[in-house]
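So you know, we letter chains A, B, ... as the sequences are listed, proteins then strands, and number each from 1. Since the structure is predicted, the reported quantities are computational estimates derived from the model, not experimental observations.
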Protein chains: 2
Amino acid sequence: MSTPRTKTRDIARSAVREELAEVAFGVFCRDGFEKATFDDLAAAAGVSRSTFLRYFGTKEEVVLCAFDPLGDEMTAALRARPADEDDWTALRRAIDPAVACYARDPADKLALLRLVQATPALCARLREKVVGWRPHLARALAERSGASPLAALVRVAAALDCLTLALEHWVELDGGRALDAITDEAFASLTVARGRHHELR
Amino acid sequence: MSTPRTKTRDIARSAVREELAEVAFGVFCRDGFEKATFDDLAAAAGVSRSTFLRYFGTKEEVVLCAFDPLGDEMTAALRARPADEDDWTALRRAIDPAVACYARDPADKLALLRLVQATPALCARLREKVVGWRPHLARALAERSGASPLAALVRVAAALDCLTLALEHWVELDGGRALDAITDEAFASLTVARGRHHELR
DNA sequence: TGCGCTACTGATACTCAGTGTCAAGCTAGC
DNA sequence: GCTAGCTTGACACTGAGTATCAGTAGCGCA
C-alpha cells in the first residue's frame with residue numbers, strides 16, 4: 001500500500017514548507033520582497049536554490065501560501081448557513097472564518113499584510129488567489145438561493161471585495177479598530193443607501 | 001520653447017506604439033502570449049528588442065495598454081452625473097463609456113478579451129489595472145454623495161466587478177447577448193434580492 | 001539485516017523578462 | 001546648415017522559473 005507512505009511524506013513536506021516560509025518571511029521583512037533572491041532565501045534556510053524553488057514554485061507563493069486554507073474554509077462556512085438566510089447575511093457570515101483568522105494573532109497577520117500591501121507583485125497574486133475562490137463560493141451560493149450563475153458571482157465578488165477592502169483599512173489603522181466592525185461597515189455600504197436603482201425588478 | 005517639440009515627439013511615439021501593439025497582437029494570437037518572446041515581437045515589427053521593450057516595459061502592457069483610457073473616461077462620466085442621482089445608478093451610468101467602447105467594434109474587442117481571458121498573466125494585470133481605477137472613481141463618488149471613503153471604495157469595487165464579470169459572460173456567449181443588458185443584470189444582482197441584512201443602520 | 005523502490009536533494013544548464021548603459025544617428029527648431 | 005536632445009540598437013547583466021540528472025536517504029518488505 002502506498003497510502004501511509006505518501007501520507008508521511010506529505011506531513012514531512014508541509015512541515016518543511018512551513019519552516020522554509022517562516023525563514024523566508026524574516027528575510028523578506030529585512031531586505032524587502034523584491035530585493036531578496038531565491039539564492040538569499042535558500043542560503044538563509046540552509047537548502048539549495050533548487051529545493052527552495054521546488055517547494056514553492058514562485059517567490060510570491062512563499063508568502064501567499066499562508067492564505068490558501070481560507071478559500072475552502074469560507075466555502076464550507078457558506079454551505080453551513082441556514083437555507084432560508086438571505087444571500088448577504090450568508091456571505092457576511094461566510095467570511096467570518098477569515099476575519100477570525102486575522103483576529104487570532106493580529107500582530108503576525110498585520111506584519112504579513114503589511115508586507116503584501118507594500119509589494120505590488122504580492123498584492124496582485126493575492127488578488128488572483130481570492131478571485132480563484134469566487135467560483136466555489138458562487139456555486140455554493142447558487143445552490144443555496146437559486147441565484148443565477150452571474151448573480152451569484154457578482155454577489156460573491158462584492159463580498160470578497162468587502163473583506164479585502166476591510167483588511168486594507170484595518171492595516172491602515174494598524175489594527176486599531178476591530179476588523180469585524182470594519183467588515184460590517186463594508187457590507188453595510190453595499191446593503192444600505194443603495195438608492196432606487198432597478199428596484200422595480 | 002520645448003512644448004511643441006515634445007508634442008510632435010509624443011504624437012510620433014503613440015503612433016509607433018499603436019503600430020507595434022497591433023503587430024504584436026497578431027503574433028500573440030498566432031503563437032500564444034506566453035510563447036511569443038520580445039525577440040519574436042521585435043522581429044515581426046522590424047525594430048530591435050531594446051526598442052520594443054522601451055515602448056511597453058512589460059509584455060502584458062503590449063496588450064493591455066488598449067484599456068488605459070477607460071479609467072479616466074469612467075471617472076469623467078461619473079462626475080458628469082446629476083448630483084441627486086443615487087450611487088448605484090450613477091455608477092451604472094459611469095461604466096457606460098466602457099460598455100460603449102466594446103459595443104463599438106465587438107469583433108476586435110472579443111478577440112482581445114479572448115486573448116486576455118486565455119492568459120492568466122493578462123487576466124491578473126488587467127485586474128490590477130482596473131483596481132488602479134478604484135481610488136479615482138471612489139473619490140468622485142464620495143464627493144458626489146458624501147459616502148465615507150470605505151463605503152465609496154466598496155461600491156466602486158462592486159460596480160467594476162459587475163463590469164468585469166459582465167464582460168466575461170459576454171465573451172462566453174461570443175457576444176451573442178447585448179453587453180448592456182448583461183451589465184444591467186449584473187447590477188440588478190447587487191441591488192435587488194438583497195435581503196434584510198443590516199437594514200437597520 | 002539487507003534489498004529494492006521511490007521521492008527528495010543539489011548541481012548544472014538553459015530560456016527569457018526586464019534593467020542599465022552607451023555610442024551612433026536622426027530630427028525638430030534655430 | 002547646426003546643434004541640442006531624443007531615439008535607436010547593441011551589449012552586458014541580474015534574476016525568475018524550467019528541465020534534467022546523478023546521488024542519496026527513507027520506507028516497505030522479505
Whole-Å gap separating [atom2] ([N]) and [atom1] ([X]):
{"X": "L20(B)", "N": "dT7(D)", "atom1": "CG", "atom2": "P", "result": "13 Å"}
{"X": "L41(B)", "N": "dG18(C)", "atom1": "CG", "atom2": "C1'", "result": "14 Å"}
{"X": "R13(B)", "N": "dT7(D)", "atom1": "CZ", "atom2": "C1'", "result": "9 Å"}

Among pairs that include at least one residue of residues 103-117 of chain B, which meet salt bridge (charged side-chain N to carboxylate O under 4.0 Å, His left out), considering only residues two or more places apart or in two chains? R114(B)-D174(B)
Under 4.0 angstrom, heavy atoms only, what part of the nucleic acid is F52(A) near: base, sugar-phosphate, or nothing? nothing
For R134(B), what residues pass the side-chain hydrogen bond (donor to acceptor under 3.5 Å, both in side chains) criterion, not counting sequence neighbours? D161(A)
Enclosure of E22(A) CD (heavy-atom neighbours >12, cutoff 6.0 Å): no
Looking at Y55(B), does any N or O in its side chain come under 4.0 Å of the phosphate oxygens OP1/OP2 on dT8(D)? yes
Is any side-chain N of the basic residue among [X] and [Y] closer than 4.0 Å to the acidic one's carboxylate O?
{"X": "R79(B)", "Y": "E143(B)", "answer": "yes"}
{"X": "D10(B)", "Y": "R13(B)", "answer": "no"}
{"X": "R92(A)", "Y": "D180(A)", "answer": "yes"}

Going 5' to 3' along nucleotides 10-24 of chain D, which nucleotides have protein heavy atoms under 4.0 Å from the base (write B), which only from the sugar-phosphate (write S), and which from neither (write -)? BB---SBBB------
